[in-house]
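Step one of this worksheet: look at the structure below.
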Amino acid sequence: MSAPHQTSIVLYVMKALKANGSWCGETHVQKTLFMCQELFGVRSDFKFILYKHGPYSFQLSEHLQGLIADDLIHVRSRPPYGPSLELSEDVSALYRAVASDLNLSRKLDFIAAKLGRKGVADLERLATAVYVNEKHSTHLPVERRASLLISLKPHVSSESARSAFLEVEQIARESQRVAA
Amino acid sequence: MGVMHLAGEVFDVVMHPNNRHQLIRPEMPGDHQLGYWRRVVRLAALCHDIGHLPFSHAAEHDLLPPGWNHERLTFDLINSREMRDIFQTSVPPVNPDHVAKIAIGPKKLSEFAPDVTFTVWETLLSEIIVGDAFGVDRIDYLLRDAYHAGVVYGRFDHHRLLQTLRILPRSDQEAGSSEPWLGIEAGGLEAAEAMSLARYFMYKQVYFHHVRRAYDIHLKDFLKDWLEGHFPTNTEDHLRYTDNEVMAALLAAARDPKMLGHVHAKRFVERQHFKRLYERNPADQKINRAAVDQIYDSLVAEFGADSVRRDSYPPRAAALDFPVLRADSSIESSINLSETLQKIPSAAFDLILCDRAILANATSFLKANREKIITPVKEVAS
């Protein structure tokens with residue numbers, strides 16, 4: 001996938017997150033793209049590994065730094081939360097290709113709507129639950145999967161881990177209707 | 001050895017009982033295990049760059065087979081029979097797998113060992129060595145390179161920085177995650193700012209200097225010819241090549257037109273390096289994200305591939321967002337507390353250089369055609 005197309009997807013995701021009232025930190029962009037990839041098979045060619053707050057792509061992080069360097073997005077301090085990412089003016093032309101691809105944009109919009117207003121703790125447990133489902137199996141009992149999640153992220157409580165899998169299953173069910 | 005020394009110092013500071021934040025204590029190993037992990041961190045720091053090729057990074061991307069880099073060579077060396085024996089027979093023994101993971105870190109290890117996962121604890125320890133924000137590898141090379149290059153850009157108060165490092169929950173907000181990260185006490189924020197500035201200036205003024213990059217290119221071109229392929233990747237052959245072998249071959253090739261790589265070696269030795277012609281810039285990027293590609297392609301079409309070279313380094317994650325422990329015990333993002341950190345750009349470049357013989361013509365060509373080359377072609381409606 002070309003870098004300009006990756007840029008289109010990233011900028012569109014940021015626009016969709018903002019439209020859903022998100023403060024749009026890097027974690028929002030990271031987890032939205034990860035979930036789009038896992039639930040819809042949206043190709044962005046960013047490779048995700050388990051790292052900060054769950055699945056994380058160093059390539060995506062570097063891509064975001066490139067967009068900052070080129071003045072296409074900028075970092076805004078928003079105490080008491082972490083920094084948010086803002087689109088610069090006049091970048092809509094750069095994500096027009098994604099916006100006009102309705103099949104792709106409605107998938108990105110759906111995940112952005114689900115994650116946009118979540119805090120980092122929620123994004124972390126949901127994305128890590130998707131990671132555990134993908135690495136192991138959705139057929140394992142929720143309790144077992146919750147233990148696997150906690151082994152990866154010991155600061156997540158048992159209750160939060162269990163509810164993450166239930167919420168992810170609900171999102172996955174709804175995503176099938178969006179994909180259809 | 002400098003990295004090993006600093007890694008031990010950081011470990012002692014962040015693990016000191018007075019410095020452990022109560023929210024992350026449950027995620028730490030017991031005190032009886034800390035001695036073991038201290039040894040692992042120091043050994044990992046000592047070994048983390050042993051896989052470097054001659055002249056470190058200069059030749060790495062083009063002179064190793066696809067999928068190889070110095071981290072993978074480091075991984076193989078740490079796992080070689082000789083080194084595993086050393087680790088396992090030391091008293092008390094050290095698990096070489098731990099050393100390899102902590103030395104390389106999750107980012108690079110995932111490139112060639114995607115199934116290896118890191119615990120939160122292992123991730124933290126690898127951050128001490130290779131982390132973007134406070135990795136001691138970076139602290140060590142900035143100070144050392146500045147000293148040897150005779151520039152002051154790389155200097156900062158690393159003693160103050162190290163003494164104020166802490167392992168902190170990422171956030172103390174309800175919606176935030178309490179995942180532990182390497183952060184800092186508020187009193188060390190100025191030292192962290194100074195390090196970030198030092199890093200930015202060292203990259204801009206030393207590592208990314210266009211003349212230095214030109215010599216990397218000529219060295220690479222010479223090595224491609226001299227090696228007739230790639231550097232070997234098996235550990236025994238890899239260890240046969242040092243800077244000395246390469247320097248001797250370079251000087252010999254510069255003197256003898258019949259030797260492989262003569263043209264490139266001569267450029268290197270006689271200081272006839274390529275000159276800077278065009279650099280990626282925000283104004284052209286706003287017109288076309290592929291501006292450098294298109295300018296490079298046009299120059300190659302006009303003047304030939306042998307006379308034009310491209311060298312680039314994309315903006316890397318600046319990782320300036322880390323938790324800061326304030327005097328009132330609250331935890332805040334560094335970005336919210338430091339206008340300096342907000343504003344330090346990522347150092348990056350995308351550079352086109354050319355043979356000095358065509359410099360005047362190529363400059364005129366660009367002046368006349370740059371705008372036309374980078375203006376995107378409008379799609380014609382079908």
Side-chain angles (χ1 to χ4, degrees), chain A residues 2-8 23 25-27 47-54 56-72 74-84 88 90-91 93-94 117-125 131 135 151-157, chain B residues 23-24 26-27 105-111 114-121 123 132 169-181 280-283 285-286 288-290 293 314-321 323 330-339 342-343 345-348 376:
Chain A
S2 68
H5 191 59
Q6 285 183 314
T7 298
S8 296
W23 93 68
E26 182 180 340
T27 308
K47 188 176 152 199
F48 287 85
I49 62 165
L50 194 70
Y51 185 59
K52 287 179 177 173
H53 304 319
Y56 180 91
S57 169
F58 285 97
Q59 295 154 337
L60 172 56
S61 181
E62 284 166 7
H63 196 89
L64 288 168
Q65 288 300 321
L67 298 180
I68 293 168
D70 289 335
D71 210 17
L72 300 176
H74 52 273
V75 179
R76 189 171 153 211
S77 162
R78 294 183 69 180
Y81 302 110
S84 79
S88 299
D90 304 331
V91 295
L94 295 175
R117 297 183 75 87
K118 303 272 188 203
V120 171
D122 284 339
L123 294 171
E124 179 180 55
R125 66 190 180 88
Y131 175 90
K135 282 279 169 195
S151 71
L152 299 171
K153 298 288 172 191
H155 49 279
V156 176
S157 71
Chain B
L23 280 178
I24 51 100
E27 305 209 28
K107 179 183 178 182
K108 289 292 179 181
L109 197 58
S110 69
E111 291 175 10
D115 293 331
V116 176
T117 53
F118 283 65
T119 63
V120 171
W121 172 245
T123 301
D132 281 333
R170 184 67 190 88
S171 166
D172 57 1
Q173 298 294 315
E174 201 179 323
S177 165
S178 57
E179 185 170 52
W181 281 26
R280 174 190 174 117
N281 62 78
Q285 286 296 305
K286 278 212 163 143
N288 189 342
R289 295 276 290 157
D293 297 333
R316 297 289 162 97
L320 302 173
D321 181 20
S330 63
I331 291 169
E332 185 75 85
S333 158
S334 56
I335 300 286
N336 292 340
L337 295 176
S338 166
E339 284 190 55
Q342 281 175 38
K343 288 172 182 162
S346 298

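Note: hydrogens, waters and symmetry copies are ignored here, and every other heavy atom, side chains too, is used. Note on naming: letters A, B, ... go to the chains in the order of the sequence lines (proteins, then strands), and numbering restarts at 1 for each one.
Only the side chain of B/Lys286 comes within contact range of chain A, with heavy atoms under 4.5 Å apart. Neither the backbone nor the side chain of A/Leu123 comes within less than 4.5 Å of any heavy atom of chain B. The contact between A/Leu94 and chain B is made entirely by side chain atoms (from C-beta outward), counting heavy-atom distances below 4.5 Å. Looking at A/Arg78, the atoms closer than 4.5 Å to chain B (heavy atoms on both sides) all sit in the backbone: N, CA, C or O. Only the side chain of B/Thr123 comes within contact range of chain A, with at least one heavy atom under 4.5 Å from a heavy atom of that chain.
The pair A/Lys153-B/Glu179 meets the salt-bridge criterion, since a charged nitrogen lies less than 4.0 angstrom from a carboxylate oxygen.
Scanning both residues, B/Ser333 and A/Pro83, for their nearest heavy atoms gives OG-CD, 3.6 Å. Here the shortest heavy-atom pairing between A/Ile49 and B/Pro106 reads CD1-O, 3.4 Å. The minimum heavy-atom distance linking A/Pro79 with B/Asn336 is given by the pair CA-ND2, 3.6 Å.
Here the side chain of A/Lys47 pairs a donor or acceptor atom with the backbone of B/Ser110 at under 3.5 angstrom.
Between A/Leu67 and B/Arg289, the closest side-chain pair of non-hydrogen atoms falls below 4.5 Å. Contact annotation: the side chain of B/Arg170 never approaches that of A/Val120 to less than 4.5 Å [non-hydrogen atoms, C-beta and beyond]. Side-chain contact between A/His53 and B/Trp181 is present, with at least one heavy-atom pair separated by less than 4.5 Å.
Listed by chain and number, the residues in a salt bridge (Lys or Arg N to Asp or Glu O under 4.0 Å) with A/Glu26 amount to none (sequence neighbours excluded).
Between chain A and the options B/Ser178, B/Pro169, B/Pro114, the largest number of non-hydrogen pairs under 4.5 Å is found for B/Ser178. Contact tally against chain B (heavy-atom pairs below 4.5 Å) for A/Asp122, A/Thr7, A/Val75: the top residue is A/Thr7.
To the nearest 0.5 Å, the span separating CD on B/Gln285 from CG on A/Leu72 amounts to 8.0 Å.
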